[in-house]
> 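Just passing along the structure, written as structure tokens.
The figures that follow rest on heavy atoms only: side chains count, while hydrogens, waters and symmetry mates do not. Residue numbers begin at 1 in each chain, while the letters A, B, ... track the order of the sequences. On a predicted model such as this, the values are computed, not experimentally measured, just so you know.
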2 protein chains.
Amino acid sequence: MPRMRSVGLQLEAIAPGGSGMPLYRAVKRALLAALESGRVAPGQALPAEKRLAALLGVSIGTLRHAVDELVAEHLLVRRHGRGTFVATHDSTRFLFQFFHVERRDGRRELPRVELLAFGRELADDETAEALHVAPGSAVYAVENRLSLQGRAVVFDRLWIPCALFRGLSEKRWRERPATIYHFYQAEYGITVVRAHERAQAVAADRPSARVLGLAVGTPVMRVRRTALGFGERPIEYRISTIHTAVHDYVHMLSRPARAG
Amino acid sequence: MPRMRSVGLQLEAIAPGGSGMPLYRAVKRALLAALESGRVAPGQALPAEKRLAALLGVSIGTLRHAVDELVAEHLLVRRHGRGTFVATHDSTRFLFQFFHVERRDGRRELPRVELLAFGRELADDETAEALHVAPGSAVYAVENRLSLQGRAVVFDRLWIPCALFRGLSEKRWRERPATIYHFYQAEYGITVVRAHERAQAVAADRPSARVLGLAVGTPVMRVRRTALGFGERPIEYRISTIHTAVHDYVHMLSRPARAG
DNA sequence: CCCAATTTGTTCGTATGTATA
DNA sequence: TTATACATACGAACAAATTGG
């Protein structure tokens, strides 16, 4: 039987009462640091709770408290009887955490993605501000068309700092097997932790209209997303143009933790 | 036969191992039932944890597990040294959980609300389906204009079932002191627990254009919201038309529980 | 201002149940 | 079956925040 291999975390025992911070929060920070540094890779199992608690020199309850919060933030995933794993971006669960377009009738489906353009650019002011880089910094720029049910629905333009993605090429980008965020994570160890989006309604400009097969001036949604990694570090800036004739942009508020 | 103790909240001791359900979940359901029935009113404090645990016949750890989940779902609020309270809709924290329009520069402000229309209608098919009532059922229909910085930004039309809001009148509605959801909660004991929204970009129709002071055909966002109470019961259906020239519709994904 | 009572927050440890390999 | 891992449940003790005297 293949054994799940847990990882040498290079964790040190937490100093109790060291900083006025609750112990479980210090534990959380230690785990967060291990995740951020990549000492535990996405998909890998953490040491068992009992062992991890011993390694850190805290009780199992304290460890669980810290892990609970990381699970709530989608950074770890617990599997009963198996272990606790570093969350990955490959599951559909995670995909749909960041993909908000669905059919009017509520059914979700995976979009077909076409790469329209890939290149290097110098960041304009808007992109630079979003990515917290200097204006004029080198960025990779990507354009995608997303189709649902054979219909072009989303025109994505996204920018990522070249400094974060050394050695990226169109070939590598094109040959990624799964989602973009999974690619960032698997190939560059860069995990998108959360994001914020700002949406407007605008008249389709000429490029968007062409890509989506619309008349110029058709109302479309324009969504500006900044994707953040650990420590609120900007990873990607994306402008999505969405044709909402047949599909909706959806937003859930206050989902219950589990069924009541 | 489990011993049944009746108390202030009319909570009964939970039967251990009664239903294959974890004990903390049974506790959660008991608390949920107390909230839903209004036996504990919004803003009121629950009995202290120690006492509540004793009342329910469970350990304090088990009680806290249940309360933790209700806090995560924004139904309860803990205050260190003071108690655990039934969440209300009057704090700005809760207001902004359901109000997603803000200035381009990210600053939030409270909207000025003007009541444009109030009346009784028969639910059309769309409203009826959203509210889970029969088409043609009696509903109250309300129209509001929301302004930010003196600018008309949102045109809200909302429908609520007459059956849920007995004795509602334009006078009562107009004289409510605070937010709409606070009004539902304080006056009718109806708590909005969560909501989902579906957004599109459309050309402003004549009524929206008039209310928002726009040219007909200007691209605007149209957001359809269904607000749900306990047990997923629909409470309100709302169609918001938003002018996004100066303001954005914002959407946060995966906010961290607290500062890491 | 300090003290005492009350209440939630944190930490510990143990035992047992349940899912997985 | 057996071993491992997470899930649930218990309860004790002390810390920290709040309130009122």
Side-chain angles (χ1 to χ4, degrees), chain A residues 1-7 9 13-31 40 43-72 76-87 257-259, chain B residues 2 8-9 13-31 40 44-72 76-87 257-259:
Chain A
M1 296 292 127
R3 271 295 293 277
M4 203 59 67
R5 213 177 20 177
S6 61
V7 180
L9 283 183
I14 308 289
S19 55
M21 188 195 304
L23 189 51
Y24 78 89
R25 200 159 285 275
V27 170
K28 184 181 172 183
R29 286 174 79 120
L31 294 173
V40 274
Q44 264 188 322
L46 262 55
E49 292 178 341
K50 216 166 109 178
R51 209 168 98 76
L52 195 46
L55 285 173
L56 292 162
V58 302
S59 78
I60 195 162
T62 300
L63 173 74
R64 277 186 67 86
H65 195 164
V67 172
D68 281 345
E69 291 202 354
L70 294 170
V71 168
L76 296 177
V77 177
R78 284 207 181 95
R79 290 184 213 165
H80 195 159
R82 299 226 284 138
T84 302
F85 301 81
V86 182
R258 303 189 195 85
Chain B
L9 291 181
I14 307 291
S19 56
M21 189 196 304
L23 188 50
Y24 79 90
R25 200 158 284 276
V27 170
K28 183 181 172 184
R29 286 174 77 119
L31 294 173
V40 273
Q44 254 189 328
L46 261 55
E49 291 177 341
K50 217 167 110 178
R51 208 169 99 77
L52 195 46
L55 287 172
L56 291 161
V58 301
S59 77
I60 195 160
T62 300
L63 173 75
R64 280 186 64 87
H65 195 347
V67 171
D68 282 344
E69 291 203 353
L70 293 170
V71 168
L76 296 177
V77 178
R78 286 209 181 95
R79 290 185 216 166
H80 194 163
R82 300 225 288 136
T84 302
F85 299 81
V86 182
R258 304 186 196 87

> Check DNA chain D against residues 56-64 of chain A and give the residues with a non-hydrogen atom under 4.0 Å, in numerical order.
A:Arg64

> What is the minimum heavy-atom distance between B:Leu63 and B:Ala53, and which atoms define it?
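What the structure gives for the nearest pair is CD2-N, 3.9 Å.
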
> Could you state the CG-P distance from A:Leu52 to D:dT4, rounded to the nearest angstrom?
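It works out to 17 Å between those atoms.
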
> Quickly work out the B:Glu49 CD to C:dT10 P distance and round it to whole Å.
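Taking CD of B:Glu49 and P of C:dT10, I get 11 Å after rounding.
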
> Rounded to whole Å, how long is the line connecting atom NZ of A:Lys50 with atom P of C:dG13?
13 Å

> Rounded to the nearest angstrom, tell me the gap between atom CE in B:Met21 and atom P in C:dT18.
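One finds 15 Å between P of C:dT18 and CE of B:Met21, rounded.
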
> Do you know which two heavy atoms are closest between A:Ala66 and A:Tyr24, and how far apart they sit?
CB-O, 3.3 Å

> Who passes side-chain hydrogen bond (donor to acceptor under 3.5 Å, both in side chains) against A:Thr84, sequence neighbours left out?
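Counting only residues at least two positions away or on another chain, A:Thr84 forms no side-chain hydrogen bond (donor to acceptor under 3.5 Å, both in side chains).
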
> Could you tell me which residues satisfy side chain to side chain contact (heavy atoms under 4.5 Å, CB included) with A:Val86, sequence neighbours excluded, listed by chain and number?
A:Leu35, A:Val40, A:Pro42, A:Leu46, A:Leu76

> What's the CG-P distance between B:Leu46 and C:dT6, to the nearest Å?
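Interatomic distance, CG of B:Leu46 to P of C:dT6: 19 Å.
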
> Tell me whether the side-chain N/O atoms of B:Thr84 come closer than 4.0 Å to OP1 or OP2 in C:dT7.
no

> Rounded to the nearest angstrom, tell me the gap between atom CG in B:Asp68 and atom P in C:dG9.
8 Å

> Could you write nucleotides 15-21 of chain D as a row of B, S and -, 5' to 3', where a protein heavy atom under 4.0 Å of any base atom gives B, of only sugar-phosphate atoms gives S, and otherwise -?
-BBSS--

> If you measure from NE2 on B:His65 to OG on B:Ser59, what distance do you get to the nearest 0.5 Å?
10.5 Å

> Rounded to the nearest 0.5 Å, what separation is found between the CG atom of A:Leu52 and the CG atom of A:Leu31?
6.0 Å

> Which residues satisfy the salt bridge (charged side-chain N to carboxylate O under 4.0 Å, His left out) test with B:Arg78, sequence neighbours excluded?
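Residues passing salt bridge (charged side-chain N to carboxylate O under 4.0 Å, His left out) with B:Arg78: B:Glu49, B:Asp68.
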
> Take atom CZ of B:Phe85 and atom C1' of C:dT8, then tell me their distance rounded to the nearest Å.
10 Å

> Please report, rounded to the nearest Å, how far the C1' atom of C:dT10 is from the CD atom of A:Glu69.
12 Å

